[in-house]
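This report refers to the structure that appears directly beneath it.
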Amino acid sequence: MTFEKLGLIRPLLNTLAAQGYETPTPIQVQTIPTILEGRDVIGLAQTGTGKTAAFALPLLQRLDEAKLRTQYRDVRVLILSPTRELAAQIDKAVKVYAKKLSLWSTCVVGGVPVRKQINALKSGVDILVATPGRLEDLVSQKAIRLNKIETIVLDEADQMLDIGFMPAIKRILKLLPKQRQTLLFSATMPKEIRALSNDYLKNPIEVSVVPTTATADRIDQSVVHMKHADKTSAIAKLVKAHPGKRIIVFTRTKRGADKVTRKLNAEGLGADAIHGNKSQGQRQRALEAFRKGTSPVLIATDIAARGIDVPGVELVVNYELPHVPESYVHRIGRTARAGASGLAVSFVPKTSLRTCAASKS
Ligand code: AMP
């Protein structure tokens with residue numbers, strides 16, 4: 001399959017060629033023609049599958065072909081994302097894909113001053129990427145109108161549910177025109193998300209690319225049993241064994257993340273933490289330093305790390321195992337991206353092994 005056969009226009013094809021995208025990924029094959037037709041879509045897919053391009057490319061094409069001028073404070077395509085980092089990442093990707101088109105996109109998230117965002121929205125935008133809280137804030141300040149929206153994308157819908165955004169999403173959906181296109185992407189399909197799609201999507205096409213509990217075969221996964229007290233020195237040892245490589249350590253708590261970060265920095269191992277108690281500026285700086293490799297170890301909690309797409313992550317460490325399998329799949333999926341291979345190591349307490357053995361007998 002080629003991007004050309006999927007019906008994409010020449011400027012987009014040129015951009016994709018310049019980006020080195022040779023063949024469309026499965027989610028792109030399944031959704032691009034459907035979105036071009038204007039139909040609603042439910043996409044069961046995680047980040048890392050090429051999902052952003054799967055919705056952004058056809059939406060850019062539809063906007064370009066409509067040749068409409070966006071009016072004062074209007075938005076034509078709204079993309080909602082659960083976290084600021086994912087929103088920024090989507091916005092960046094949209095800007096890359098839109099390079100050869102005359103379309104305007106911007107991103108509004110919480111944690112940064114609102115004034116600049118209000119100004120950026122004044123003359124209207126073709127594509128707005130937003131987190132739900134800040135979007136509602138801007139709507140209530142009349143900085144933006146949602147009644148001209150042609151398409152809404154709900155990205156990582158299950159994560160929005162987990163964070164508690166479902167009431168906000170429903171309020172936002174009620175402000176949109178009835179005649180619109182709705183695209184919903186989610187790594188899993190809990191019943192609340194299924195209900196949301198039944199209530200707000202019209203005759204959607206449903207596509208699924210990866211079973212949510214499958215991990216990439218290219219990830220070498222292992223567990224190490226140890227006492228809790230030994231974990232910080234074990235992390236330091238692991239990091240030293242992979243000098244200069246990009247490593248993400250997942251901790252369950254923000255305090256845990258700070259503790260590990262302090263330990264690694266005390267040993268001169270260049271670590272930064274990213275979690276909900278950090279300011280947006282701190283989170284962005286940590287991510288940038290990680291991307292550039294100046295601070296090669298990132299200590300993260302699940303929420304903050306959601307959707308992070310940094311190429312070349314060699315190792316993912318689970319300082320504690322997460323509570324649900326989907327989080328495990330998601331965490332270790334930060335490595336082995338775009339065809340590369342990777343390592344995942346999980347620290348498991350010795351006590352839980354005994355408990356497990358006892359409950360079996
Ligand atoms: P996403 O699932 O949208 O986060 O995309 C994951 C990564 O795959 C991003 O770095 C994209 O730039 C890249 N990507 C998306 N589609 C393709 C493609 N068809 N060929 C090569 N890379 C791609």
Side-chain angles (χ1 to χ4, degrees), residues 1-9 12-33 35-36 41-61 77 79-99 105 107 127 129 153-160 183-188 207-212 214-216 218-219 246 248 287-288 290-292 300 304-314 316 326 329-342:
M1 181 49 76
T2 61
F3 282 111
E4 202 160 0
K5 285 201 185 122
L6 293 178
L8 292 179
I9 51 175
L12 289 174
L13 294 174
N14 291 345
T15 301
L16 294 174
Q19 287 298 309
Y21 290 15
E22 286 169 6
T23 41
T25 65
I27 186 90
Q28 291 162 1
V29 172
Q30 293 185 68
T31 54
I32 289 176
I35 298 175
L36 281 175
V41 171
I42 299 175
L44 264 160
Q46 314 186 354
T47 42
T49 54
K51 159 168 77 79
T52 317
F55 63 75
L57 294 169
L59 291 180
L60 286 167
Q61 178 156 335
V77 167
I79 302 170
L80 284 185
S81 143
T83 64
R84 300 162 186 175
E85 283 75 16
L86 182 61
Q89 206 168 277
I90 296 171
D91 182 51
K92 205 166 152 195
V94 166
K95 285 190 164 71
V96 169
Y97 301 141
K99 228 177 210 160
S105 73
C107 177
I127 300 192
V129 189
V153 181
L154 301 170
D155 199 17
E156 307 262 344
D158 52 351
Q159 182 71 4
M160 295 215 252
L183 311 176
L184 182 150
F185 291 89
S186 198
T188 57
V207 298
S208 164
V209 286
V210 206
T212 52
T215 53
R218 301 178 313 275
I219 307 175
R246 278 196 198 85
I248 303 184
L287 208 52
E288 216 31 57
F290 183 60
R291 226 174 233 134
K292 283 193 193 137
R306 186 81 190 185
I308 287 176
D309 177 34
V310 176
V313 175
E314 171 147 326
V316 170
E326 285 81 8
V329 176
H330 181 77
R331 285 178 177 191
I332 74 164
R334 302 307 92 206
T335 178
R337 292 173 86 75
S341 57

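Atoms within each ligand, like the ligands themselves, are counted from 1 in listed order.
To the nearest 0.5 Å, the span separating OG1 on T83 from CE on M160 amounts to 10.0 Å. Taking CG of L36 as the start and CG of L59 as the end, the distance is 8.5 Å to the nearest 0.5 Å.
Counting heavy atoms closer than 4.0 Å to ligand 1, residue F3 contributes side-chain atoms (C-beta onward) but none from N, CA, C or O.
In this structure A98 satisfies the side-chain contact (heavy atoms from CB on, under 4.5 Å) test together with L60, sequence neighbours excluded. With sequence neighbours left out, the side-chain contact (heavy atoms from CB on, under 4.5 Å) criterion links P24 to M1, F3, L6, Q28, V29.
Per-residue contacts place T23 under 4.0 angstrom from the following atoms of ligand 1 (heavy atoms of the residue considered): 18 (C), 19 (N), 20 (N). Each of the following atoms of ligand 1 lies closer than 4.0 Å to a heavy atom of T49: 2 (O).
Between F55 and F185, the ring planes lie tilted relative to each other; the angle falls in the 30° to 60° range.
Counting heavy atoms from C-beta outward, T31 and L183 have side chains that stay 4.5 Å or more apart.
The N/O atoms of Y21, backbone and side chain alike, include one that comes under 3.5 Å of an N/O atom in ligand 1. Between G50 and ligand 1, an N or O atom pair is found at a separation short of 3.5 Å. The shortest N or O to N or O distance between Q28 and ligand 1 is below 3.5 Å.
Ligand 1 is never approached by I90 to a heavy-atom distance shorter than 4.0 Å.
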